[in-house]
Amino acid sequence: MAEAAGVPGEAVQLDTVTVSADELVGEADSATIGTVYSEQFENRPISRTGELLEVVPGLIVTQHSGEGKANQYFLRGYNLDHGTDFAVFVDGLPVNMPTHAHGQGYADNGFFIPELVDSIEYRKGPYYAQYGDFSAAGAADIRYKEKFDQNLVEATGGAYGYGRLLSVGSIKAGSGNLLYGLEYVHYDGPYDLGQNFNKGNLVLRYSQHYEGGSYHLAATGYSTRNLSPDQIPERAVDQGLIGRLGFIDPTDGGRSHRVNFSGGFEQQLGPGTLKLDAYAFRYRLDLFSNFTYFLDDPVNGDQFEQSDKRNVYGGNLSYKLTNQLLGLEFHNEIGAQTRYDDIDDVGLYLTKARERLDTTTVSDVKEWIGSVYAQTNVHLTSWLRANVGARFDSINFDVVNNNPLNTGKASDTLISPKGALIFGPWAKTEFFINAGQGFHSNDARGATQTIDPRSGDAVDPVTPLAAARGIDLGMRTALIPNVQVAASVFRLRSDSELVYVGDAGTTEPFGATERYGGELAIYWKPIKHLVVDSDLAYTKARFREQQLDGDGNAIGKRVPQAVQGVAALGVTYTSPQGWDTALRVRYFGPRPLAEDNSVQSNSTTVVNIGAGYRINRRFRISGQINNLFDSKDHDIDYFYTSRLQGEPAAGVDDTHFHPIEPINGRITLSYSY
């Protein structure tokens with residue numbers, strides 16, 4: 001069975017083409033756990049790396065500024081921004097970053113190579129003791145392969161200057177395997193501002209199995225730079241000032257790099273199994289954005305730079321043990337986790353054409369979080385299982401800010417109980433009740449600041465840890481031959497959505513919220529070589545109290561950007577004659593853009609299609625068409641005040657959007673050896 005990458009946890013084997021329906025029964029602790037293996041997504045047409053995470057039912061991955069920065073994520077009625085409440089791990093490495101220059105929990109997954117991925121394991125909801133920060137809405141573990149049967153070289157070319165070179169494979173080295181991956185991507189894009197996007201990736205991973213255990217060591221490197229055709233004001237398009245693929249500031253964009261080192265081992269120790277994972281990485285980002293154009297500075301414009309430089313160290317230790325007590329068999333797990341972010345420069349600067357004009361705020365931050373957890377799973381009867389767990393988290397901030405009034409220390413602790421009852425199986429069907437508490441940390445700067453760095457007004461520090469409590473009622477069945485169905489209804493209450501807004505250098509207070517909804521996922525294999533998968537989700541998100549404007553007037557209870565309806569459909573056919581085809585349809589519905597629901601986004605529907613043919617055992621040719629029907633929908637929409645040159649000094653309230661890319665095609669030639 002598959003182990004979660006990077007985070008100790010119970011293994012599951014669900015929603016995958018490699019197991020039979022009978023094997024699904026009795027493995028899961030929830031209707032919203034699953035593992036998707038590479039056989040299921042290796043021919044999936046995707047236009048950007050992050051879209052691979054859409055194998056998680058109900059998850060939407062999008063972008064608001066072209067390539068080169070973390071995606072935007074939507075799940076369970078959350079606008080997760082760049083990762084605030086969705087934890088992502090790549091082969092044992094945490095992706096999310098706290099106290100990040102561009103947004104709390106920033107999760108740039110551009111450093112993973114899709115062809116190296118063996119499986120993606122996901123969990124939704126705050127019910128799993130082995131997951132802590134950023135996992136209130138869910139978590140995903142991306143696991144790399146250990147070896148390849150055949151090594152692979154690929155070259156891809158496509159519309160709008162798209163090019164990709166890839167080499168992945170493995171080499172037998174001693175008693176183990178050395179996995180490698182090299183990737184280079186260039187993309188100009190369809191926008192009037194050419195992105196000149198360049199990305200390089202390198203992955204080296206050595207693994208070895210021995211009697212009683214295994215270990216691995218890995219080193220990876222990632223670098224990218226680009227110009228950014230960011231979101232644009234709707235009025236500028238309506239007035240003919242720019243086209244729908246236009247831009248306002250031609251100097252937006254950025255550069256980023258990340259170098260990772262990680263390792264781990266798993267070893268039989270006494271009656272149980274000991275597992276250790278450790279990591280260290282160096283990260284840097286320089287990002288230039290201009291969302292309001294000339295609202296704050298009518299002469300130089302409102303461009304700003306967000307800078308982030310950090311070293312990160314951490315690890316996870318767990319021990320699993322099975323024992324007998326009172327005639328019952330208990331499967332126990334205890335663990336400890338630690339992470340230290342040494343952030344030597346996280347800053348916000350006012351700029352013009354990437355030249356610094358002034359410093360809004362700059363900080364050195366030392367942030368440490370330590371956690372312990374325990375959980376046990378027991379069969380109480382032949383038809384009833386229980387999983388009970390809890391975790392304890394302690395976080396400490398030490399912030400040195402350029403304004404001494406915003407320098408300080410803060411700390412917080414949180415105990416999070418978790419639990420599940422699993423009923424069945426009856427006729428290959430199980431029912432689940434899950435309940436638990438999760439959390440996300442807030443930005444360290446928001447927890448120590450007393451002065452707004454822009455306005456100079458006094459502000460209250462925010463709480464370091466924001467808790468969220470949820471409950472799920474779910475069902476999973478394999479009763480119908482060749483069909484797997486998972487359904488759930490959920491409720492998730494967040495005490496606070498206080499978020500440090502890196503774009504403004506201040507903390508924006510959001511009230512407590514409540515979300516409830518339902519999800520349905522169906523996996524169907526009607527004939528041997530045909531797979532159909534679909535998912536549907538609907539969430540209602542509300543503030544628990546009326547939100548007030550600056551004058552104290554009630555303005556509504558809607559949560560801006562909270563996605564409501566989400567649907568996806570995939571059809572994949574693999575022929576014994578060597579050809580294959582895959583179709584993906586993705587829909588996410590209108591979203592409120594203001595608390596009173598006076599402004600809404602439109603819905604977005606995108607269809608991608610791909611096909612391939614294996615010429616012989618070495619050569620394969622494939623292609624894909626993204627946005628098959630040339631939809632003019634939007635990747636994302638926002639509603640806020642901005643000012644173009646010549647407009648009133650107070651600016652104009654308007655919808656700002658990033659359009660999805662027009663229809664485009666790509667062709668790949670692959671060589672296996």
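Computed from a prediction, not measured in an experiment: that's the story for all the values here.
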Item to check | ring pair (Phe, Tyr, Trp, His ring centres under 6.0 Å) evaluation trace for Tyr106 with His82 | outcome: CA-CA 5 Å; Tyr106 189 84; His82 296 288; 5.3 Å; yes
Checklist entry - Run the salt bridge (Lys or Arg N to Asp or Glu O under 4.0 Å) check on Arg493 and Glu514 step by step: do they pass? => result CA-CA 4 Å; Arg493 292 168 65 92; Glu514 179 176 59; 2.8 Å; yes
Item to check | Glu519/Lys124 under side-chain contact (heavy atoms from CB on, under 4.5 Å): CA gap, chis, key distance, verdict | outcome: CA-CA 11 Å; Glu519 298 172 317; Lys124 289 185 281 184; 3.2 Å; yes
Next on the checklist: Go through it in stages, so that I can follow the logic: the residues are Arg123 and Glu121, the test is salt bridge (Lys or Arg N to Asp or Glu O under 4.0 Å), and I'd like the CA-CA distance, side-chain angles, deciding distance and then a yes or no.
Outcome noted: CA-CA 7 Å; Arg123 288 171 168 84; Glu121 183 176 342; 2.7 Å; yes
Checklist entry - Does the side-chain contact (heavy atoms from CB on, under 4.5 Å) test come out yes or no for Gln600 and Phe639, once each step is laid out? => result CA-CA 9 Å; Gln600 279 199 342; Phe639 185 77; over 6 Å; no
Checklist entry - side-chain contact (heavy atoms from CB on, under 4.5 Å) between Arg310 and Met97: does it pass, once the steps are laid out? => result CA-CA 10 Å; Arg310 69 180 67 202; Met97 279 177 273; 3.8 Å; yes
Next on the checklist: The test is ring pair (Phe, Tyr, Trp, His ring centres under 6.0 Å); show your working for Phe588 and His634 and say whether it passes.
Outcome noted: CA-CA 10 Å; Phe588 60 106; His634 300 167; over 10 Å; no
Next on the checklist: Before you tell me yes or no, could you show the steps for Asp29 and Arg385 under salt bridge (Lys or Arg N to Asp or Glu O under 4.0 Å), namely the whole-Å CA-CA distance, both residues' side-chain angles and the distance that decides it to 0.1 Å?
Outcome noted: CA-CA 9 Å; Asp29 291 331; Arg385 287 187 291 129; 3.1 Å; yes
Checklist entry - Could you walk me through whether Tyr73 and Asn71 pass the side-chain contact (heavy atoms from CB on, under 4.5 Å) check? => result CA-CA 6 Å; Tyr73 304 93; Asn71 296 111; 4.1 Å; yes
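Proximity of a side-chain donor or acceptor of Glu367 to a complementary backbone N or O of Tyr340 within less than 3.5 Å is not detected. Asp141 places no side-chain N or O within donor-acceptor distance of the main-chain N or O of Phe89, the cut-off being under 3.5 Å. With hydrogens and angles disregarded, a donor-acceptor distance shorter than 3.5 Å links the side chain of Tyr144 to the backbone of Ile113. With hydrogens and angles disregarded, a donor-acceptor distance shorter than 3.5 Å links the side chain of Glu54 to the backbone of Val61. Formation of a donor-acceptor pair under 3.5 Å by the Asp533 side chain with backbone atoms of Leu569 is not found in this model. A donor-acceptor contact shorter than 3.5 Å is absent between the side chain of Thr513 and the backbone of Arg542. Of the possible donor and acceptor atoms, none in the side chain of Tyr523 sits under 3.5 Å from a partner among the backbone N and O of Ser534. The backbone N or O of Gly474 lies less than 3.5 Å from no partner atom in the side chain of Asp472, so there is not a single donor-acceptor pair. Put simply, the side chain of Lys418 gets close to the backbone of Gln437: a donor and an acceptor are under 3.5 Å apart. At least one donor-acceptor pair closer than 3.5 Å links the side chain of Arg515 to the backbone N or O of Gly77.
Atom OH of Tyr587 is surrounded by more than 12 heavy atoms from other residues, nucleotides or ligands within 6.0 Å. Surrounding CD of Glu329 are more than 12 heavy atoms belonging to other residues, nucleotides or ligands, all under 6.0 Å away. The 12-atom threshold is not exceeded at CH2 of Trp524, counting heavy atoms of other residues, nucleotides or ligands nearer than 6.0 Å. Within 6.0 Å of CG on Asp596 lie more than 12 heavy atoms contributed by other residues, nucleotides or ligands.
Counting only heavy atoms from C-beta outward, the side chains of Asn442 and Thr463 approach each other to under 4.5 Å. For the pair Asn323 and Asn332, the minimum side-chain heavy-atom distance is below 4.5 Å. At a threshold of 4.5 Å between non-hydrogen side-chain atoms, the residues Tyr283 and Asp341 do not count as touching. Inter-residue side-chain proximity for Val55 and Arg44 is flagged as met; some heavy-atom pair is nearer than 4.5 Å. In this structure, Ser441 and Leu465 have side chains that are in contact, with non-hydrogen atoms separated by less than 4.5 Å. Two residues are said to be in side-chain contact when any heavy atoms from C-beta on lie closer than 4.5 Å; Asp393 and Thr413 fail this criterion. Using a 4.5 Å heavy-atom threshold, the side chains of Thr62 and Phe74 count as touching. Residues Leu520 and Val485 have side chains in contact (heavy-atom distance under 4.5 Å, counting atoms from C-beta outward).
For the pair Arg491 and Tyr516, the cation-pi criterion (under 6.0 Å, within 45° of the ring axis) is not fulfilled. A cation-pi arrangement is found for Arg258 relative to Phe281, the charged atom lying closer than 6.0 Å to the ring centre and inside a 45° cone about the ring normal. Both the sub-6.0 Å distance and the 45° axial angle are not jointly satisfied by Arg339 relative to the ring of Tyr279.
The shortest non-hydrogen separation linking Phe439 to Ala467 is CB-CA, 4.1 Å. Of all the heavy atoms in Tyr319 and Gly272, the pair that sits closest is OH-N, 3.0 Å. Taking all atoms of both residues into account, the shortest heavy-atom contact from Ala420 to Asn434 is CB-ND2, 3.4 Å. Contact record, Ala31 with Phe432: N-CD1, 3.6 Å, taken as the closest heavy-atom pair. For the pair Ser411 and Asn396, the tightest heavy-atom approach, listed with the atom from each and the gap, is CB-OD1, 3.3 Å. For the pair Pro592 and Arg558, the tightest heavy-atom approach, listed with the atom from each and the gap, is CB-CB, 4.1 Å.
For the side chain to side chain donor-acceptor pair (under 3.5 Å) with Glu333, the lone residue among Lys275, Gln375, Lys320, Gln130 that qualifies is Gln375.
Taken from CZ in Phe265 to CG in Leu276, the straight-line distance is 5.0 Å, to the nearest 0.5 Å. One distance of note links CZ of Phe111 with CG of Asp91; it measures 9.0 Å at 0.5 Å rounding. Here the CG-OG distance, from Asn608 to Ser47, works out to 6.0 Å after rounding to the nearest 0.5 Å. The line from CD1 of Ile46 to CD of Glu51 is 6.5 Å long, rounded to the nearest 0.5 Å. Rounding to the nearest 0.5 Å places CG of Leu285 at 6.5 Å from CG of Asp308. One distance of note links CZ of Arg391 with OH of Tyr131; it measures 11.0 Å at 0.5 Å rounding.
Scored by the side-chain contact (heavy atoms from CB on, under 4.5 Å) test, Ser38 finds Phe41, Asp118, Lys145 as partners (sequence neighbours excluded). Applying the ring-ring contact (aromatic ring centres under 6.0 Å, His included) criterion to His216, with sequence neighbours excluded, gives no partner residue. With sequence neighbours left out, the ring-ring contact (aromatic ring centres under 6.0 Å, His included) criterion links Tyr638 to His64.
Contact check on Asp637 versus Arg591 returns a salt bridge, with a Lys/Arg side-chain nitrogen under 4.0 Å from an Asp/Glu carboxylate oxygen.
His440 and Thr84 share no donor-acceptor pair across their side chains, judged by distance under 3.5 Å alone.
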